[in-house]
Each structure stands twice: as structure tokens, then as C-alpha cells.
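Chain letters run A, B, ... following the sequence lines, proteins first and then strands; every chain starts at 1. Just so it is clear, the structure is predicted and the values come from calculations on it, not from any experiment.
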2 protein chains.
Amino acid sequence: MASSIHDLARHLNISIGTVSRALNGRADVNAETRQRVLEAARKLNYSPNQSGRSLRQGATRSIAFMLQPHPGDQQYGEPFFIPFLIGLQARLAEHDLDLMVVMGEPGQYQQERLRRVVETRRADAVVLANTRREDDRIDYLSKAGFPFATLGRSQSGGDTYPSLDIDFERAGDEAVDRLVARGHRRIAAIRPSLDLNFGYLFLDGYRKALKRHGIEVDPGLIADGFINEAGGYQVTPRVMLSKDRPTAIIFNNDAMALGGCKALAEMGIRPGHDIAVIVIVDTPLCRYFSPALTAFRPSLEPMGRRLAEMLLASLPAHAGPEGTRIMREIWPLELIARESD
Amino acid sequence: MASSIHDLARHLNISIGTVSRALNGRADVNAETRQRVLEAARKLNYSPNQSGRSLRQGATRSIAFMLQPHPGDQQYGEPFFIPFLIGLQARLAEHDLDLMVVMGEPGQYQQERLRRVVETRRADAVVLANTRREDDRIDYLSKAGFPFATLGRSQSGGDTYPSLDIDFERAGDEAVDRLVARGHRRIAAIRPSLDLNFGYLFLDGYRKALKRHGIEVDPGLIADGFINEAGGYQVTPRVMLSKDRPTAIIFNNDAMALGGCKALAEMGIRPGHDIAVIVIVDTPLCRYFSPALTAFRPSLEPMGRRLAEMLLASLPAHAGPEGTRIMREIWPLELIARESD
DNA sequence: CGTTTTTCCGTAAACGTTTACGAGAACACA
DNA sequence: TGTGTTCTCGTAAACGTTTACGGAAAAACG
């Protein structure tokens with residue numbers, strides 16, 4: 001069915017070695033024979049078998065993206081990751097690399113699936129998302145010497161891998177800034193309860209800005225919840241029952257914000273009127289919610305592209321002249337002012 | 001670094017053939033030696049190299065999912081496909097199959113990328129989405145004899161491949177039914193302008209129901225637009241300017257519905273009060289929009305699982321006792337009544 | 001014309017598996 | 001004891017590439 005390099009060789013009465021060299025653009029092949037090989041390849045509709053190539057070269061030309069859902073998250077952080085994936089895939093495709101997507105049951109740690117990818121050598125590198133503060137996937141990969149990059153920072157693994165993250169700290173800071181400028185002094189912060197690193201970063205920025213404005217941090221205004229709608233719904237009242245009610249809430253996650261607004265509505269509190277609401281990572285849901293939620297938006301597609309570049313630069317095969325470089329980038333968010341604050 | 005089957009053989013002083021047979025559970029190997037092999041494999045942390053395996057067996061153990069975005073669609077039909085992908089991936093993983101996701105620039109036909117996957121034998125089968133009425137991807141794959149399955153029906157390719165689709169016809173029918181029962185007689189239909197098959201199916205159901213209720217089909221109440229928010233925004237006024245204004249609109253796509261509602265709002269027409277709105281395929285956006293949009297919802301994750309099963313059953317390697325079976329399933333939608341109708 | 005360099009190509013090994021084939025040993029049976 | 005059967009394993013080929021090596025022919029050079 002499919003023609004192999006042997007078919008080409010036989011057809012041209014030439015050795016397979018020469019055919020391979022001609023196809024791969026090596027110098028030591030006559031210009032005319034190269035022409036003949038290329039033509040024959042076109043005529044016989046030849047394309048190299050990837051398995052053969054992978055085996056010989058020890059590289060699969062595919063990158064694995066691990067989507068580890070948070071426990072309780074049925075949607076895999078859905079709207080957030082897609083644009084990132086699009087950018088990632090686009091840049092990888094330019095280098096003729098394929099993208100493998102590895103998911104898992106929500107809540108189940110994916111060490112097993114990760115090991116499988118690494119040990120059976122199904123991919124040349126891995127991209128991790130949803131990084132934890134302490135992330136055993138990162139530990140595993142660095143120990144195994146397997147190339148990887150992460151979307152999000154972590155405290156694990158040291159500075160040995162490329163990573164790219166959103167500036168959550170700055171966003172938390174700016175959100176407070178904006179609210180203070182509008183007269184708020186009692187500002188609540190609601191973030192995910194898991195070990196997710198961005199929750200800590202957000203809170204750092206939140207605290208820093210409060211201090212700068214001379215506002216004391218009230219632990220009663222900070223709450224952690226499950227990183228989904230139910231979590232926001234459940235935890236928001238706790239903050240509203242604080243003895244000195246907040247006049248503003250910053251949500252560190254869109255789903256939690258939606259749940260929180262539902263809780264507020266049931267308490268007769270209208271976001272945008274009775275209370276200001278800002279959410280740290282914007283998704284389409286924020287835009288269509290009523291009232292439309294003011295939110296900080298990352299440039300996810302460019303970020304995907306960029307992380308692909310960083311990963312490629314760190315791969316031995318693609319490394320630039322300066323060899324393996326570790327990069328670490330933190331991207332700003334853009335405030336999208338809407339109706340909720 | 002990684003141990004191969006040769007390492008195991010050397011370590012056990014045994015031939016690689018025996019090792020392989022032991023690992024693969026063949027009958028012609030002594031129980032005791034099998035034990036020794038398995039133990040050594042665990043101790044040396046052996047897992048088979050997938051490239052070697054693929055080459056020898058002529059199967060990559062991975063399935064490609066082609067996400068062909070509509071022209072003008074920046075989001076890849078985003079919220080719609082993720083749950084489907086989750087289901088698909090879950091079932092494939094149970095069979096130790098990997099999922100490769102192939103995207104492309106919006107608007108660009110993906111024949112090239114598809115050819116590459118097929119010709120370089122990077123996957124054992126392909127799953128297609130966004131099927132057109134006449135779909136050259138389907139033509140290509142059937143002609144090439146490459147296994148595939150589709151999410152969505154098409155007129156191409158005959159009955160030679162497993163496919164699974166939503167019952168758009170029924171949904172269009174039921175939507176009309178519901179509206180008529182609530183007193184509407186002037187019901188508009190807005191659907192995508194592309195050759196997408198579901199647009200035709202939806203309209204069939206719409207027409208059928210109107211006829212059943214003795215309502216004449218008014219071409220002025222049917223409009224096609226770009227399958228995104230801008231398309232809905234642009235085309236909805238056209239239908240509202242019909243000389244006898246509709247009192248209800250059925251949108252065949254969530255993004256178009258959102259754009260349409262924006263246009264309605266600018267005309268001072270309030271969905272849920274001044275006009276009834278129903279959208280055929282529900283996404284999270286419909287739920288959070290204000291007013292919350294009544295919509296028909298598919299069971300995407302189970303559908304993903306099911307299509308995986310159907311595809312597997314059609315593969316030579318996994319085919320059941322009855323051999324290759326072609327299946328064709330059409331799944332119902334569930335009406336989620338909200339505030340917009 | 002002899003020697004050296006360059007150009008071009010064929011040979012064969014290697015990547016890590018799986019598997020068809022056959023052979024030796026053990027066993028059963030008459 | 002001779003013959004046939006069953007167990008178990010080793011040998012080697014095969015999958016489709018890429019590439020190190022060497023050699024023949026052609027070209028360059030004196």
C-alpha cells in the first residue's frame with residue numbers, strides 16, 4: 001500500500017542509502033540523482049514512516065501535554081486551556097511536531113500516565129499545566145532527565161526547566177489598587193484551597209497592595225474553597241458574614257466567581273451595585289455573565305506559542321548555538337473593565 | 001538509560017525472544033522463567049519502547065482527533081468539544097491508546113495535515129469533527145482505506161464508517177413544538193451559512209414541525225450567518241425586519257445566539273419578554289448569559305466514549321467476533337428550560 | 001602520466017521490538 | 001526400545017529508517 005524507501009530504491013535502481021540521503025538533503029549526493037529521487041518520491045506518493053524514523057533517531061517528534069484536572073473539576077479548566085493549546089500546537093506544528101493530549105479522571109493523580117509516556121518514550125518532551133506548589137510530576141521529570149516545560153511556576157525542581165506563568169501577584173496587587181481607588185477598604189479575597197501555586201501568588205499581591213495602602217489584612221476576609229462553582233458558592237457567604245462586611249471581593253478563579261455571585265444573589269446582594277467583584281482570570285463566561293464581570297485577562301494563545309518556543313530551545317535537538325537555556329517568563333494580564341466593580 | 005529487552009535478556013542469561021514472549025503472555029514459555037522475567041522487568045524498570053513496537057507491528061497505538069475550526073471561529077467550537085474529547089480520551093486510554101490532537105489555522109482546510117497523519121502513519125485511525133455536508137476529508141480517508149469515525153453525519157463516503165451525531169432534526173422539531181404550544185406562530189430560524197451538515201438537519205426538523213402545525217414556512221424568517229458571535233449579531237436584525245415580525249427565534253448555535261441577543265438588545269427587544277429564544281446546542285455560556293438561554297443539551301462526554309467504542313470495533317485489530325461493523329448512531333438532546341423562552 | 005583530492009554512491013549495521021521456524025529435551029505410549 | 005507428542009527455548013528475520021564507513025570513479029594538480 002504505502003511505498004517505502006525500498007520501493008523508491010528499486011524503482012530507481014539505486015541504493016536505499018542514496019535515496020535517504022537525497023531526501024534528507026545531504027550534501028554528498030549528485031544534483032541530478034537528487035532530482036530523480038524527489039520526482040520518484042512524488043510519483044510514488046512516498047512519505048517516510050514515522051515509526052521507522054522514531055526508532056532509528058530515538059525521537060518521536062511529538063510533545064505530550066498533560067491536562068491534570070483539579071479534583072472536583074468536571075471541565076478540566078476548560079475555557080482557560082483551549083487558547084493556550086491552540087497556540088502551543090500552532091508553534092509545534094511549524095516544527096513538524098505533533099501534540100499528544102493526556103488527560104485523566106478528575107482528582108486522580110496522573111503520575112501513572114506520565115510515567116507511561118516517559119518510559120515507553122511516546123513523546124520527546126512534556127508540557128505540564130496546573131502546577132502545584134510542590135509538584136511531584138516535576139520532581140519525577142527532572143529526576144528522570146526528561147525534557148519538559150510548565151505553564152505555571154512551582155517550587156519543585158529548581159531552575160532546571162523552562163516555565164511560563166501569568167503574573168498573579170501583580171494582578172492581585174492591581175485589583176486591590178483599583179478597588180481602593182474607588183473607595184473600598186474592606187476587600188475580600190477568595191482563592192482555591194488546593195496547593196495550586198497561583199493561589200499563593202495572588203494572595204501575596206493582595207497582601208502587598210493592602211499594606212501599601214495602609215490597610216490591615218483581615219484574615220476573616222480571606223477564604224479558600226474548592227476550585228469550581230460549588231466551591232465559590234459555598235465559601236462566599238463565609239466572607240460576607242464577617243463582622244465588618246466587605247464591600248468588594250476578588251475571586252481568583254472564574255468558576256468560583258460564578259458560584260460566589262450566585263450566593264450573593266441569594267443574599268440579595270447585587271454585584272456591581274451592592275458589592276464590587278473582580279475576577280483574576282478572565283474567560284468567556286465572565287463576559288457573558290450578568291452583570292459582566294470585570295476581570296484580568298491573559299494572552300493565552302501567544303503564551304502557548306511562547307512556551308513551545310522555550311521548550312524547543314531547551315531540547316538538545318533544537319537547541320540554539322548557546323545550547324540548553326533555561327527560561328522563566330512571567331506575563332502580565334490586561335484588565336478588562338466591565339460592570340461588576 | 002532506559003533498559004531494553006536486550007538488557008533483560010542479558011541480565012537473565014536468556015534469549016530476547018523468550019523475554020518478549022514472557023512479557024506478552026504467550027503460552028510457550030515456562031511458568032518459572034516467566035516469573036523471573038517479570039521480576040527482572042520490574043527491577044530494571046523496563047517498559048517496551050513504543051517506536052520499536054510500532055515499527056514491528058505496523059500500529060502506533062494512537063488515534064488522531066482533527067479539530068477543524070470553522071472559518072472565523074477563533075475558539076475552535078471550544079466549549080462544545082472539550083467534554084467530548086474527555087470522553088473520547090477516557091475510553092481510548094482504557095485500551096492503552098493515545099490521543100493526538102491536530103488543529104489548524106481557522107479557515108484553512110486541513111487536508112494537508114490530515115494527509116501527513118495518514119501517510120506518515122502517525123496514527124492508527126482518525127476521528128473527524130465538524131463534518132460538512134460534502135466532506136473531502138471523508139472522501140480522502142475512505143479512498144485511502146484509512147480507518148476513521150466522525151462526530152456528525154455527512155453525505156460523503158457512503159455507509160462505510162462509524163459515525164455518531166446529535167439529533168438536530170428532532171431538536172429543531174421539538175423547539176418549534178414547544179414554541180407553538182406557548183402560542184407562537186411566527187418563529188424564525190437562524191443557522192450557520194457554511195456547508196455544515198447539522199444546519200440542514202436542523203432546518204428539516206424546523207420545517208417539518210411547522211407543517212405539522214399548519215404553519216406556512218416563511219423564507220423571510222430563515223437566515224444564515226457566520227457561525228460565530230459576529231454572524232449572529234449581523235444576521236438577526238435581518239429576520240426582525242421581516243414585515244411580520246417573529247415572536248420567537250431558534251438559534252442553531254450558541255455563539256450565534258449570543259450575538260443575536262446583543263443585536264436584539266440594541267433594538268430594545270428583550271429575550272424572554274419581548275421575544276422567545278431557544279438555542280439548539282447548549283454550552284456553559286447559555287447558562288450564564290442573562291437571560292439564561294433555554295437550550296437543547298447533548299451528552300457530550302458519553303458520546304465521546306461511545307464514538308471511541310464504535311471506532312475501536314471497526315478496527316481490524318480490535319474487531320469483535322463479527323468482524324468489522326459499521327455503526328451509525330443518533331443521540332437525543334435534552335431540553336434545558338431556562339429564562340429566554 | 002602519476003598522485004592527490006573530491007564527488008558520489010553502495011554496504012551494512014543499528015534502533016527495539018515481535019514472531020515464524022526449528023530444534024533439543026522431556027515425556028508418553030505402544 | 002522406538003516412535004510420536006508436548007514443552008520450552010534459541011535463532012534469525014523483519015518492520016523502515018538513518019548513517020558511519022569505505023571504495024570506485026572522476027576531477028584536479030603537479
Side-chain angles (χ1 to χ4, degrees), chain A residues 1-38 40-41 44-62 96 116 118-124 316-317, chain B residues 1-38 40-41 44-62 96 116 118-124 316-317:
Chain A
M1 187 83 236
S3 55
S4 81
I5 217 172
H6 290 93
D7 300 327
L8 284 191
R10 207 174 314 124
H11 181 257
L12 293 169
N13 219 20
I14 229 180
S15 85
I16 60 165
T18 305
V19 174
S20 176
R21 281 190 300 263
L23 291 172
N24 291 356
R26 301 228 167 259
D28 56 347
V29 44
N30 185 289
E32 188 228 3
T33 40
R34 163 165 296 133
Q35 269 311 315
R36 289 176 50 223
V37 169
L38 291 179
L44 298 194
N45 198 17
Y46 168 80
S47 13
N49 178 301
Q50 183 57 36
S51 300
R53 216 176 218 185
S54 298
L55 180 57
R56 169 64 214 223
Q57 299 188 323
T60 62
R61 299 206 69 78
S62 80
D96 208 49
R116 204 179 66 94
V118 170
E119 290 174 1
T120 65
R121 240 128 281 128
R122 279 185 165 260
D124 298 339
Chain B
M1 189 82 237
S3 55
S4 80
I5 216 173
H6 290 92
D7 299 328
L8 284 192
R10 208 174 313 125
H11 182 257
L12 293 169
N13 221 19
I14 230 180
S15 86
I16 59 165
T18 305
V19 174
S20 176
R21 282 191 301 264
L23 292 172
N24 292 357
R26 301 228 168 259
D28 57 346
V29 42
N30 185 289
E32 189 229 1
T33 41
R34 162 165 297 134
Q35 268 313 315
R36 288 176 51 222
V37 170
L38 291 179
L44 298 194
N45 199 18
Y46 167 82
S47 12
N49 178 302
Q50 184 55 38
S51 299
R53 215 176 218 186
S54 297
L55 180 57
R56 168 64 214 229
Q57 299 188 322
T60 62
R61 297 206 73 77
S62 80
D96 207 48
R116 204 178 69 91
V118 171
E119 290 175 359
T120 64
R121 238 128 284 126
R122 279 185 165 264
D124 297 339

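- For B:R122, the salt bridge (charged side-chain N to carboxylate O under 4.0 Å, His left out) partners two or more places apart in sequence, or in a different chain, are A:D98.
- Taking every heavy atom of both residues into account, A:Y46 and A:I5 meet most closely at CE1-N, 3.6 Å.
- For B:N13, there are no side chain to side chain donor-acceptor pair (under 3.5 Å) partners at least two apart in sequence or on another chain.
- Within the 4.0 angstrom heavy-atom criterion, only backbone atoms of the sugar-phosphate kind lie near A:S4; the bases stay farther away.
- With sequence neighbours excluded, the residues that form a side chain to side chain contact (heavy atoms under 4.5 Å, CB included) with A:L12 are A:I14, A:R36, A:V37, A:A40.
- Put simply, OG1 on B:T60 and CG on A:N49 are 9.5 Å apart, with the number rounded to the nearest 0.5 Å.
- Every residue meeting the side chain to side chain contact (heavy atoms under 4.5 Å, CB included) condition with A:S47, not counting sequence neighbours, appears here in chain and number order: B:E119, B:T120.
- Scanning residues 7-19 of chain A for heavy-atom distances under 4.0 Å to DNA chain D yields A:I16, A:G17.
- To the nearest 0.5 angstrom, B:D7 atom CG is 11.5 Å from B:I16 atom CD1.
- One end of the helix from C:dC1-D:dG30 to C:dA30-D:dT1 points its axis 50° away from the other end's axis, with each axis taken from 5 pairs and the angle rounded to 10°.
- Contacts between residues 28-36 of chain B and DNA chain D, defined by a heavy-atom separation below 4.0 Å, involve B:D28, B:V29, B:N30, B:T33, listed by number.
- Counting all heavy atoms, side chain and backbone alike, B:G25 lies closest to B:R34 at C-NH2, 3.5 Å.
- The side chain to side chain contact (heavy atoms under 4.5 Å, CB included) test applied to B:L55 returns A:S51, A:L55, not counting sequence neighbours.
- Along DNA chain C, the stretch of nucleotides lying under 4.0 Å from any heavy atom of chain B spans, 5' to 3', C:dG16 to C:dA20.
- Residues of residues 46-56 of chain B having a heavy atom closer than 4.0 Å to DNA chain C, listed by number: B:Y46, B:S47, B:P48, B:N49, B:G52, B:R53, B:R56.
- The side chain to side chain contact (heavy atoms under 4.5 Å, CB included) check on B:R56 picks up nothing, with sequence neighbours excluded.
- The CZ atom of B:R10 sits 13.0 Å away from the OG atom of B:S15 when rounded to the nearest 0.5 Å.
- Listed by first and then second residue, the side chain to side chain donor-acceptor pair (under 3.5 Å) pairs that reach into residues 22-31 of chain A come to none, sequence neighbours excluded.
- B:H6 places its NE2 atom 12 Å from the C1' atom of D:dT11, with the value rounded to the nearest Å.
- In terms of heavy atoms, A:D96 sits closest to A:R61 at O-NE, 3.4 Å.
- Put simply, CD on B:Q50 and OG on A:S54 are 10.0 Å apart, with the number rounded to the nearest 0.5 Å.
- One distance of note links CG of B:L23 with CZ of B:R21; it measures 11.0 Å at 0.5 Å rounding.
- B:R21 comes within contact range of at least one nucleobase, with a heavy-atom separation under 4.0 Å.
- Residues B:Q57 and A:N24 both approach DNA chain D. Their nearest nucleotides, taken by heavy-atom distance, put B:Q57 toward the 5′ side.
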